[in-house]
Amino acid sequence: MLFTKSEKTFALIDGNAFYVSCERVFNPKLSGRPVVVLSNNDGCVVARSDEAKALGVAMGAPYFKIRKPYEKAGGIALSSNYTLYADLSSRMMSIIGQYSDRQEIYSIDESFLEWTGFRHFDLDRLAVDLRQRVGQWVGIPVGIGIGCTKTLAKLANRLAKKHPDFRRAGICNLTALPDAALERYLSGFEAGDVWGVGPRWAAKLARQGIRTAFDLSRVEPAWVRQHYNVVLERTAWELRGVACLSQEEAPPTKQQIVSSRSFGRLVGDLASLRQAVSTYTARATEKLRQQGSQTQALTVFLHTPPFNTQEPQYHPSVTVRLQEPSSDTLTLGKAALSGLERIYQPGYRYQKAGVMLLELSSARVEQQVLFPQTPGGTRARSSRERLMETLDRVNREMGRDSLWTASQGIHRQEASPNWRMQRGNLSPAYTTRWDQLPQVKAI
DNA sequence: TCTGGGGTCCTAGGACCC
DNA sequence: TCTGGGGTCCTAGGACCC
């Protein structure tokens, strides 16, 4: 027997060219045309429509390098609008979640559903219905892959997008296939395209004669562990139909939280860096409170531009330990600035700064400290907690950046100091700002 | 000649994912 | 001129413990 069929069933649903599809929902002029969405500062291509792919635009391509020929060919480039994508994502995910009580939201555009025990249903029809509903209710086209392990569901999802046998329907169900057919599809599937096989391992596997997903499924898993590691061994098992990965329904709380940005232009002065670091700390700390955690150490780092060899290079970082765990924007902001002062060297032009919060723990577990630094001890701290609750509530209800600390700079975001990122072609916040709602004009 | 055995914790680095 | 941002897991090796 070539393949084991695990008792489980997984479906992987993801949005096609998700960011581009989000833009198209509210701007029909974009349909049928080459469209790309760019990373922050309009740096790299992070999403491409089929038409853009057909023009040969590569994922991750620096936009300035392809801009001229791309625009000449009628291509459109948009700055990324994460507010819009996050909102459409949550709508899409809630519809997908109607098709199983076991949903894992894997990324902004991908979701696993566990369909174990659903085999008395017609899974293909279920998938057709799901796809149609998401299309009608949110306007995002999705692809669906079904397999008896998550790795096979991922692989099926890819076949649903690329393979002529499935592309029309956008659905590929590997659980319904006989072994011979499964072997045929896996043999036509490059090992490097398997989930969990990156470029390094793909190259090493190829040197050892393992070129397709089928090849990888035939290798002795123990051998894989010996020559690679346990992660790739699991992948090999999963390709055979032995489920090693299970559904992670409740997202685990993060072990670290990072907030960093490249600047709109190179920055050399400490005052601007202080504003940037304060802003990133505030953002990271807000995320920290959202997941109910506190941190005991944070790292501040700076980077000079990596691609410009003319610039003198300097990549300092420093970790600042706190005396007691905290989730307070003011406390952490102060700690971050003290770290910045320690690593800052004049004479360099920096391209990026960032803050990482480490050693996270639940804020509900009260750690007693021998000599609390807050004057007045617990009472002073609880008033700080109330301040943070208010800060978060105001920013939640009145919009992000309604309330901020003076160290972040006294201008509103729109004033755009020199370190803010550039977003030259940003679409409106169609679904999250009253003043930017789409309008329908009567003729 | 011959130098125990079993364990934890921490860090750095390497690989992967979207 | 112009090259994103945010994560995870695993392994090896060193320090240290009894």
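No engagement by A:Leu38 is indicated, since no non-hydrogen atom pair under 4.0 Å with the nucleic acid exists. Residue A:Asn41 is out of contact with every strand shown, counting any heavy-atom pair closer than 4.0 Å. Using a 4.0 Å heavy-atom distance criterion, A:Tyr228 is classed as making no nucleic acid contact. Among the heavy atoms of the strands, none lies under 4.0 Å from A:Lys204. If you check every strand for non-hydrogen atoms under 4.0 Å, A:Lys254 touches sugar and phosphate atoms only. At a threshold of 4.0 angstrom between heavy atoms, the contacts of A:Ser259 are confined to the sugar-phosphate backbone, with no base atom among them. Using a 4.0 Å heavy-atom criterion, one finds that A:Pro199 contacts the sugar-phosphate atoms exclusively.
Between A:Gly43 and A:Val230, it is A:Gly43 whose nearest contact on DNA chain C lies nearer the 5' terminus. Two residues, A:Val231 and A:Lys287, neighbour DNA chain C, and the one matched to the more 5' nucleotide by heavy-atom proximity is A:Lys287.
Taking the ring axis of A:Phe301 as reference, the NZ or CZ atom of A:Arg342 does not stay both within 45° of it and closer than 6.0 Å to the ring centre.
Put simply, CD on A:Glu71 is 18 Å from P on C:dC2, counting in whole angstrom units. In this structure, the CE atom of A:Met421 is 14 Å from the P atom of C:dT3, given to the nearest Å. One interatomic measurement links the two molecules: CZ of A:Arg200 to C1' of B:dG14, which rounds to 8 Å at whole-angstrom precision. Rounding to whole angstrom units, CG of residue A:Leu360 and P of C:dG7 are separated by 10 Å.
A salt bridge does not link A:Lys162 to A:Glu190: none of the charged side-chain nitrogens sits closer than 4.0 Å to a carboxylate oxygen. Here A:Lys8 does not pair with A:Glu114 in a salt bridge; the nearest charged N to carboxylate O distance is not below 4.0 Å.
For A:Arg234 and C:dC10, the shortest distance from a side-chain N or O to OP1 or OP2 is below 4.0 Å.
Contact of the A:Tyr185 side chain with the A:Leu177 side chain is registered, since non-hydrogen atoms from C-beta on lie closer than 4.5 Å.
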message = Is there a salt bridge (charged side-chain N to carboxylate O under 4.0 Å, His left out) between A:Glu341 and A:Arg274? Walk through the geometry before answering.
response = CA-CA 9 Å; A:Glu341 308 277 351; A:Arg274 288 175 60 97; 2.3 Å; yes
